[in-house]
Enquirer: 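One structure, as structure tokens, below. Some questions next.
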Number of protein chains: 2
Amino acid sequence: MTKPATIRDVARRAGVSSATASRALNNSPLVNHDTKRRIVAVAEELAFAPSLSARRLSLGKTQTITVVVSFLTRPQAAERLRGIDAALADSEFDLNIYNVETVEKRDQYFRTLPLRQRTDGLLVVSLPPPGHNLSRLERSDVPIVFIDALENTANLPRVLGDDVAGGELATQHLLDLGHRRIGYVGDAFDNPFGFTSSRDRFDGFERALASAGIEVGEQDVALGAHGRYEARDLAARMLSHPDRPTAIFASSDTQALGVLAAAQDLGLHVPVDLSVIGYDDIEACDFVGLTTVRQHLFESGRQGADLLMAEIAERSATPQAVVLQPSIIQRRTTAPRKEVPHQD
Amino acid sequence: MTKPATIRDVARRAGVSSATASRALNNSPLVNHDTKRRIVAVAEELAFAPSLSARRLSLGKTQTITVVVSFLTRPQAAERLRGIDAALADSEFDLNIYNVETVEKRDQYFRTLPLRQRTDGLLVVSLPPPGHNLSRLERSDVPIVFIDALENTANLPRVLGDDVAGGELATQHLLDLGHRRIGYVGDAFDNPFGFTSSRDRFDGFERALASAGIEVGEQDVALGAHGRYEARDLAARMLSHPDRPTAIFASSDTQALGVLAAAQDLGLHVPVDLSVIGYDDIEACDFVGLTTVRQHLFESGRQGADLLMAEIAERSATPQAVVLQPSIIQRRTTAPRKEVPHQD
DNA sequence: ACTATCGTTGCAAGCGGTTACATGAAAGCG
DNA sequence: CGCTTTCATGTAACCGCTTGCAACGATAGT
């Protein structure tokens with residue numbers, strides 16, 4: 001209806017200047033206790049709310065943190081976002097969100113978002129920047145923190161899970177159960193976004209096997225597009241071979257669920273005939289009983305946001321890299337290898 | 001490093017006034033084609049990016065849409081968010097997000113967020129406003145659109161699924177399969193947030209049964225806290241009775257999964273001994289094979305955002321209520337009632 | 001030749017806050 | 001009592017952009 005009250009309205013009504021009103025409302029010590037009370041009362045009465053734009057312009061800060069996240073709907077992303085929100089909830093910062101599901105959007109956002117005129121800080125979640133942007137981002141005048149991206153390639157602050165260690169952990173879990181032939185089902189290493197988790201987890205996989213003296217057979221590695229159905233088909237091919245692995249490590253829970261479906265189609269009993277382990281620990285794992293590798297999703301969001309706020313407060317010379325260690329969550333899809341007549 | 005370029009820098013360098021520069025960069029027709037080209041070139045050269053705060057202050061708009069969402073991590077919420085993002089992606093609006101998981105946060109946000117000084121429009125997702133705020137919200141000077149909340153109680157624009165119809169649909173599906181004793185497992189009708197979906201779905205449930213001439217037995221209704229484990233316990237009690245229902249309608253997929261777990265614990269085969277239907281169609285349904293009622297989550301987000309932008313452009317006198325109709329997704333947990341010796 | 005019109009451009013006043021600096025009153029002090 | 005300090009407040013500039021209005025030269029109309 002009517003124009004909202006400005007600070008000058010408050011000042012006039014309280015019989016002071018706008019400067020004093022501003023000071024009073026910002027808890028400056030430079031104002032008398034009684035006049036402050038009066039001003040606060042008037043502000044209340046007029047339902048005064050400061051214009052954020054004016055405030056920001058005047059302060060030269062946006063008081064805004066921008067989050068760029070890939071595939072918002074993936075359970076991992078939502079959980080990380082929650083961590084970020086939790087860290088920011090009681091701060092002065094507003095949270096701006098941009099979702100990326102195409103390479104075009106990614107490039108657009110990396111071009112237009114990291115600007116002091118737009119935001120005080122940028123949080124990039126699960127989205128490696130294109131290589132040609134790296135040096136520009138490193139020199140950016142707005143602080144940028146990466147979550148779940150950007151291994152050791154760049155000199156930028158980041159918090160990430162140790163995918164290699166996670167892959168090793170998963171594989172070691174299967175080795176400990178006596179498995180010797182272990183398959184890997186994961187995302188193709190090459191993808192338009194440059195996601196590296198599948199490759200890294202595979203590296204961990206290989207490393208664990210290597211230190212157990214096992215070489216990875218080519219027929220035990222199946223890579224394809226991300227998705228449950230794709231994984232089911234890959235696994236079906238791998239498992240229908242008579243000489244098949246006794247366990248499979250899938251590079252994500254989604255894909256592990258596909259592997260389970262394939263096993264069921266082929267009449268293989270999990271975990272008796274086949275052990276399956278996934279990665280991420282999404283909610284579905286719990287009701288399917290899927291053994292998996294848990295990442296600290298919420299924590300990664302929270303710590304990323306904290307790191308960013310620290311950078312905003314004072315830019316650090318040497319960017320910090322926080323690494324969160326994954327852990328095994330054992331459920332009902334992994335078991336000791338079935339005894340077979342001929343031993344090796 | 002150095003201060004970012006302002007529009008005056010651009011203007012000076014291009015040999016024009018800041019007014020002309022502004023007009024040129026905003027595609028005003030009031031500027032000569034050649035000078036415009038020159039200005040644009042200089043802007044490019046100086047990597048000029050307008051200060052959003054200054055722009056907003058000057059325009060008197062925040063160019064920001066604020067979303068308040070309850071339980072960000074629930075799959076439904078994330079999917080709706082994606083719809084909102086899609087609608088906004090090519091608009092001028094930035095997206096501000098606030099997550100609510102406690103009543104305190106809800107009240108805080110309803111108090112401080114719907115202000116013209118903060119946002120151009122408010123999108124409230126799956127969060128009924130506390131009753132004492134309603135009249136204030138109806139008179140709010142910033143447009144508010146509700147998604148998945150606020151049935152017909154208030155005179156505010158909204159887009160929602162028809163939960164009563166959904167409940168009826170689910171129940172009718174079971175009736176069509178020959179079931180006569182149908183149980184209901186859902187959220188307690190009273191809850192701190194005032195969520196009504198469980199009650200509404202139950203209303204549909206009752207209505208379908210009533211028009212089939214069936215009365216709902218008290219022992220066939222189990223209400224409790226939201227969650228899979230809680231639902232499992234409720235269902236276990238209901239099903240361990242010798243005189244038990246042959247089908248169960250759960251008010252959410254999460255709870256339906258709990259019902260499935262209970263059935264399994266009791267050695268009941270689904271769908272032979274028991275049919276189960278859920279609600280929402282979350283991702284997990286697909287890999288469990290759960291029959292369910294699908295809502296248009298993405299659509300609800302998109303349409304809500306569109307509605308809000310329309311309201312921002314021009315406030316409509318009579319708030320629109322968009323209702324999205326749910327539909328049955330049949331999978332493998334519902335089947336015709338098993339033939340029994342004694343017929344009724 | 002004079003004026004009305006049109007296309008371009010500049011001037012300057014906002015938008016609504018914050019804050020450096022000036023000011024004035026009261027208090028402290030030798 | 002005069003001087004410095006301290007505390008509280010006001011004045012006015014500024015943040016960077018937009019835009020109503022005035023101005024001005026060129027063109028057209030009579």
Side-chain angles (χ1 to χ4, degrees), chain A residues 2-40 42-43 46-64 92 94 115-120 141-142, chain B residues 2-40 42-43 46-64 92 94 115-120 141-142:
Chain A
T2 84
K3 285 273 172 220
T6 74
I7 198 165
R8 279 178 241 271
D9 298 331
V10 174
R12 192 174 325 119
R13 182 103 164 221
V16 296
S17 76
S18 66
T20 307
S22 171
R23 284 190 273 257
L25 297 171
N26 287 300
N27 293 314
S28 159
L30 296 182
V31 51
N32 178 281
H33 187 71
D34 285 340
T35 51
K36 171 171 171 176
R37 272 230 305 249
R38 185 156 35 95
I39 292 169
V40 169
V42 172
L46 297 183
F48 167 75
S51 151
L52 287 192
S53 307
R55 184 153 216 278
R56 288 168 175 169
L57 173 59
S58 180
L59 291 174
K61 300 177 183 176
T62 65
Q63 295 182 123
T64 289
E92 278 279 273
D94 274 345
L115 292 170
R116 232 218 310 263
Q117 294 87 339
R118 290 201 129 262
T119 188
D120 286 351
D141 33 71
V142 351
Chain B
T2 85
K3 286 273 172 219
T6 76
I7 200 168
R8 277 179 245 272
D9 297 331
V10 175
R12 193 174 323 124
R13 182 104 164 219
V16 296
S17 75
S18 65
T20 307
S22 171
R23 284 190 272 257
L25 296 171
N26 288 301
N27 292 315
S28 159
L30 297 182
V31 50
N32 178 281
H33 187 69
D34 284 341
T35 52
K36 172 171 172 178
R37 273 231 304 250
R38 188 154 35 95
I39 291 169
V40 169
V42 172
L46 296 183
F48 168 75
S51 152
L52 286 191
S53 307
R55 183 152 218 278
R56 289 168 175 167
L57 173 60
S58 179
L59 290 174
K61 301 176 183 176
T62 65
Q63 295 183 123
T64 289
E92 278 278 272
D94 273 346
L115 293 170
R116 231 215 313 262
Q117 296 87 338
R118 290 202 129 261
T119 188
D120 286 351
D141 33 73
V142 351

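In the text below, chain A, chain B and the rest are named by the order of the sequence lines, each starting its count at 1. All values below were derived from every heavy atom in this structure, side-chain atoms included, with hydrogens, water molecules and symmetry-related copies excluded.
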Enquirer: Please report the closest heavy-atom contact between B:Q63 and B:R55, naming both atoms and the distance.
Expert: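 Distance-wise, the nearest heavy atoms are OE1-NH1, 3.5 Å.
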
Enquirer: Could you give the side-chain donor-acceptor pairs of residues 33-40 of chain A under 3.5 Å, partners two or more places apart or in another chain?
Expert:
| from | atom 1 | to | atom 2 | distance (Å) |
| --- | --- | --- | --- | --- |
| A:T35 | OG1 | A:N32 | O | 2.9 |
| A:K36 | NZ | A:N27 | OD1 | 2.9 |
| A:R38 | NH1 | A:A14 | O | 2.4 |

Enquirer: Who pairs with A:D9 by salt bridge (charged side-chain N to carboxylate O under 4.0 Å, His left out), at least two apart in sequence or on another chain?
Expert: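 Residues passing salt bridge (charged side-chain N to carboxylate O under 4.0 Å, His left out) with A:D9: A:R12.
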
Enquirer: Could you check if a side-chain atom of B:L52 sits within less than 4.5 angstrom of a side-chain atom of A:R56, using non-hydrogen atoms only?
Expert: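 Answer no - side chains too far apart.
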
Enquirer: What salt bridge (Lys or Arg N to Asp or Glu O under 4.0 Å) pairs are there with at least one residue in residues 13-24 of chain B, not counting sequence neighbours?
Expert: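 Matches after skipping sequence neighbours: B:R13-B:E45.
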
Enquirer: For nucleotides 16-21 of chain C, give me one character per nucleotide, 5' to 3': B if any protein heavy atom sits under 4.0 Å from the base, S if the only such contacts are to the sugar-phosphate, - if neither.
Expert: BBBBB-

Enquirer: Checking B:S28 now: which residues fulfil side chain to side chain donor-acceptor pair (under 3.5 Å) with it, not counting sequence neighbours?
Expert: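 With neighbours one apart ignored, the set is empty.
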
Enquirer: Does A:T64 have any side chain to side chain donor-acceptor pair (under 3.5 Å) partners at least two apart in sequence or in another chain, and if so, which?
Expert: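 Side chain to side chain donor-acceptor pair (under 3.5 Å) list for A:T64, sorted by chain: empty.
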
Enquirer: Need two values: the first and the last nucleotide of DNA chain D, 5' to 3', having an atom under 4.0 Å from any heavy-atom of chain A.
Expert: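 Reading along DNA chain D, I get D:dA8 to D:dG16.
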
Enquirer: Closest approach of B:Q117 and A:P50, non-hydrogen atoms and distance?
Expert: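 Smallest heavy-atom distance, with atoms named: CB-O, 3.5 Å.
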
Enquirer: Using a strict heavy-atom distance below 4.0 Å, which residues from residues 30-37 of chain B are in contact with DNA chain C?
Expert: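 Only B:L30, B:V31, B:N32, B:T35 qualify.
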
Enquirer: Can you name the side chain to side chain donor-acceptor pair (under 3.5 Å) partners of A:T62, sequence neighbours left out?
Expert: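 A:T62 satisfies side chain to side chain donor-acceptor pair (under 3.5 Å) with A:D120 once adjacent residues are dropped.
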
Enquirer: So, using side chain to side chain donor-acceptor pair (under 3.5 Å) as the criterion, who are the partners of B:S51 when residues are at least two apart?
Expert: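 With neighbours one apart ignored, the set is empty.
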
Enquirer: Which angle, rounded to 10°, do you find between the first-five-pair axis and the last-five-pair axis of the helix from C:dA1-D:dT30 to C:dG30-D:dC1?
Expert: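 One end's axis against the other's: 50°.
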
Enquirer: With sequence neighbours left out, what residues match B:S58 under side chain to side chain contact (heavy atoms under 4.5 Å, CB included)?
Expert: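 With sequence neighbours excluded, B:S58 shows a side chain to side chain contact (heavy atoms under 4.5 Å, CB included) to no residue whatsoever.
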
Enquirer: Of all heavy-atom pairs between B:V31 and B:A24, which one has the smallest distance, and what is that distance?
Expert: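 Closest heavy-atom pair between B:V31 and B:A24: CG1-CA, 4.0 Å.
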
